[in-house]
Protein chains: 2
Amino acid sequence: MNNITSLYSGNGFGGLDKCNNCPVRGLSFCSALDTLALEEFSALSKTRSFTDGQLILTEGEVNEYIGSITEGIVKVYKLLNDGRQQIISLGFPGDMLGNIIDAEYNYFVEAVGKVKICLYRVSRIASFAATNPEIYLSILGKTNQQLSHARDWLVLLGRKTAKEKIASFLLLLSEHHLGSETDQAFKIPLKRQEIADFLGLTIETVSRNFSSLKNQQLIREQAGHMLIIVDYSALKNIS
Amino acid sequence: MNNITSLYSGNGFGGLDKCNNCPVRGLSFCSALDTLALEEFSALSKTRSFTDGQLILTEGEVNEYIGSITEGIVKVYKLLNDGRQQIISLGFPGDMLGNIIDAEYNYFVEAVGKVKICLYRVSRIASFAATNPEIYLSILGKTNQQLSHARDWLVLLGRKTAKEKIASFLLLLSEHHLGSETDQAFKIPLKRQEIADFLGLTIETVSRNFSSLKNQQLIREQAGHMLIIVDYSALKNIS
DNA sequence: TGCGCCATTTGATTTATATCAAAAGCTGTT
DNA sequence: AACAGCTTTTGATATAAATCAAATGGCGCA
């Protein structure tokens with residue numbers, strides 16, 4: 001066992017200081033809380049780190065924790081019986097993990113590279129909400145955002161061509177790339193197979209379309225999978 | 001104009017009586033309210049009816065209303081620039097329409113057959129919630145359910161074959177078919193083109209796969225598009 | 001009853017993407 | 001530097017689903 005349930009125990013280091021120093025302060029679902037409420041909420045949190053490929057949540061596991069990504073990227077995916085995989089979302093810093101409704105998780109969450117997550121027990125959220133009901137509105141906001149993204153992805157999976165899918169994917173990544181404005185290069189965090197599993201394609205189709213976009217001079221790829229979008233608006237037209 | 005915004009005005013007939021007589025009492029997001037709160041909430045509601053094909057919500061329109069389907073089925077869909085359409089969800093009685101977060105609707109909602117909706121102004125939800133915060137948890141529950149369904153559909157669109165898609169669709173319909181247990185026949189509410197737009201297929205592929213399932217004796221179709229699932233478990237294996 | 005208008009089905013063909021296969025590129029290690 | 005074990009790319013071919021086209025079926029209405 002190396003997922004949240006087994007890793008949560010012990011050595012938390014909650015407290016307002018941590019939350020005020022939080023790298024996603026203002027993005028996370030706790031951002032709606034005022035100073036007083038935040039202090040109380042902060043005490044409930046624990047931070048956990050994960051390394052590339054580590055399972056964070058497992059389908060079927062009891063829904064004990066809700067989390068907020070403070071660093072890194074996670075992939076959320078489902079599996080069919082025969083092993084076919086579909087990534088149903090990518091989680092970026094500030095994004096919420098899990099929910100406070102279901103009895104069990106119904107998907108897998110895996111770290112893509114190094115990941116840090118701020119965790120809260122679902123049961124503690126409930127008692128906290130008794131005096132701070134605004135936390136529900138905040139969680140609702142995050143859930144609504146996830147629903148909106150999922151619906152955009154339904155259109156992509158149902159109606160877009162392979163090349164349109166790749167273009168949309170690159171633009172999605174560029175939106176979440178928080179590097180300097182002048183430096184347009186960013187690292188593609190996923191392997192080709194993972195991109196395929198996100199876009200409902202095969203690895204070969206992904207690779208061919210990357211090559212095609214390079215030939216069309218819309219993108220360039222540098223050492224270590226660093227990507228530069230050469231013609232942003234042309235890519236947008238394709239997507 | 002023939003959508004909610006234009007139809008809401010005037011002749012509402014709120015009050016507790018209506019809500020207690022509500023056909024989806026216990027299913028809708030208002031079901032979490034106790035008798036006292038329900039009376040207050042009920043006074044805020046208006047009921048509207050729509051006929052087949054009528055637009056209920058329009059993309060880009062200001063998000064003024066949240067609704068609960070009390071009767072009939074709606075389709076929620078998005079369009080690409082070139083007219084390609086993807087149905088992102090079907091709404092059944094008890095399902096929530098819209099949200100209380102976004103500034104604008106970002107999809108279209110259209111009546112499939114005769115539809116009745118119970119409407120609330122988003123702004124009134126906010127003031128109601130000041131004294132009845134449990135309404136947020138209730139709306140969160142509905143939103144979370146929609147997210148869960150959207151994610152199931154991502155797997156369907158991204159990774160399932162045409163025949164698997166049709167099988168999943170028929171099973172989805174049968175779950176929402178609230179007719180008598182003995183009578184297994186139900187009407188398919190969507191046209192072939194709409195089914196195609198829901199499953200990310202073309203009308204011809206949908207038709208061919210219906211024919212194929214009929215040849216395999218897994219389903220039967222009677223007059224007026226009444227459908228009988230002959231071999232439920234075989235269909236489940238395919239889905 | 002028969003006509004017109006759709007929706008659906010079926011057939012023929014094309015095509016985008018998957019599949020199968022092999023070569024080429026990386027990266028870390030000895 | 002050379003090798004092992006990957007990932008990615010490219011090529012050849014197959015195939016599921018799309019496209020193009022026509023026939024069939026239903027249903028309301030004059």
Side-chain angles (χ1 to χ4, degrees), chain A residues 51-53 75 80 82-87 112-113 156-170 187-216 219-227 238-239, chain B residues 51-53 75 80 82-87 110 112-113 155-170 187-216 219-227 238-239:
Chain A
T51 57
D52 186 43
K75 59 176 183 179
L80 292 174
D82 60 2
R84 279 176 287 176
Q85 178 172 145
Q86 179 65 46
I87 295 179
V112 175
L156 177 137
L157 291 177
R159 289 298 181 210
K160 289 188 182 176
T161 65
K163 189 170 265 187
E164 289 171 334
K165 287 176 176 180
I166 299 283
S168 297
F169 170 68
L170 292 175
K187 192 174 183 325
I188 299 179
L190 303 183
K191 292 176 187 163
R192 291 290 187 264
Q193 182 60 59
E194 293 174 313
I195 298 172
D197 288 339
F198 192 31
L199 302 179
L201 298 171
T202 59
I203 183 174
E204 295 95 333
T205 299
V206 170
S207 183
R208 276 184 241 277
N209 280 279
F210 263 93
S211 298
S212 164
L213 288 174
K214 280 178 219 163
N215 287 338
Q216 288 179 76
I219 60 172
R220 267 182 13 235
E221 229 176 341
Q222 296 177 327
H225 285 182
M226 290 302 287
L227 188 117
I238 290 176
S239 79
Chain B
T51 58
D52 187 44
K75 58 177 183 180
L80 292 173
D82 61 2
R84 279 175 287 177
Q85 177 172 146
Q86 178 66 47
I87 295 179
E110 196 181 302
V112 176
V155 177
L156 177 138
L157 291 178
R159 290 295 180 214
K160 289 189 182 176
T161 65
K163 189 170 268 188
E164 289 171 335
K165 287 176 176 181
I166 299 283
S168 297
F169 169 69
L170 292 176
K187 192 174 183 321
I188 298 180
L190 302 183
K191 291 175 186 160
R192 291 288 187 264
Q193 182 60 60
E194 293 174 314
I195 298 172
D197 288 339
F198 192 33
L199 302 180
L201 298 171
T202 60
I203 183 176
E204 295 94 334
T205 299
V206 170
S207 182
R208 275 183 241 278
N209 280 280
F210 264 95
S211 298
S212 164
L213 288 174
K214 280 178 218 160
N215 286 337
Q216 289 180 75
I219 62 173
R220 264 178 19 231
E221 230 176 339
Q222 296 178 326
H225 285 182
M226 291 299 288
L227 189 116
I238 289 176
S239 76

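So that the names make sense, note that chain A is the first sequence line, chain B the second, and so on, each numbered from 1. Keep in mind that the numbers below use all heavy atoms, side chains included, and drop hydrogens, waters and symmetry copies.
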Does Lys191(A) have more than 12 heavy atoms from other residues, nucleotides or ligands lying within 6.0 Å of its NZ?
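Open.
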For Arg84(A), does the CZ atom have more than 12 heavy-atom neighbours from other residues, nucleotides or ligands under 6.0 Å away?
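More than 12 within 6.0 Å, yes.
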Distance-only, no hydrogens or angles: does the [X] side chain make a donor-acceptor pair with backbone N or O of [Y] under 3.5 Å?
{"X": "Glu221(B)", "Y": "Met226(B)", "value": "no"}
{"X": "Gln86(A)", "Y": "Asp197(A)", "value": "yes"}
{"X": "Arg159(B)", "Y": "Leu201(A)", "value": "yes"}
{"X": "Ser168(A)", "Y": "Glu164(A)", "value": "yes"}

Going 5' to 3' through nucleotides 5-21 of chain D and flagging B where a protein heavy-atom sits under 4.0 Å of the base, S where only the sugar-phosphate is that close, and - otherwise, we get --SSBBBB----SSBB-
Using a 4.0 Å cut-off to any heavy atom of chain A, which nucleotides of DNA chain C are the first and last in contact, reading 5' to 3'?
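Span of nucleotides near chain A: dT17(C) to dC20(C).
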Just one of Asn215(A), Thr205(A), Ile188(A) clears the side-chain contact (heavy atoms from CB on, under 4.5 Å) bar with Phe210(A), so which one?
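Single side-chain contact (heavy atoms from CB on, under 4.5 Å) partner of Phe210(A) among Asn215(A), Thr205(A), Ile188(A): Ile188(A).
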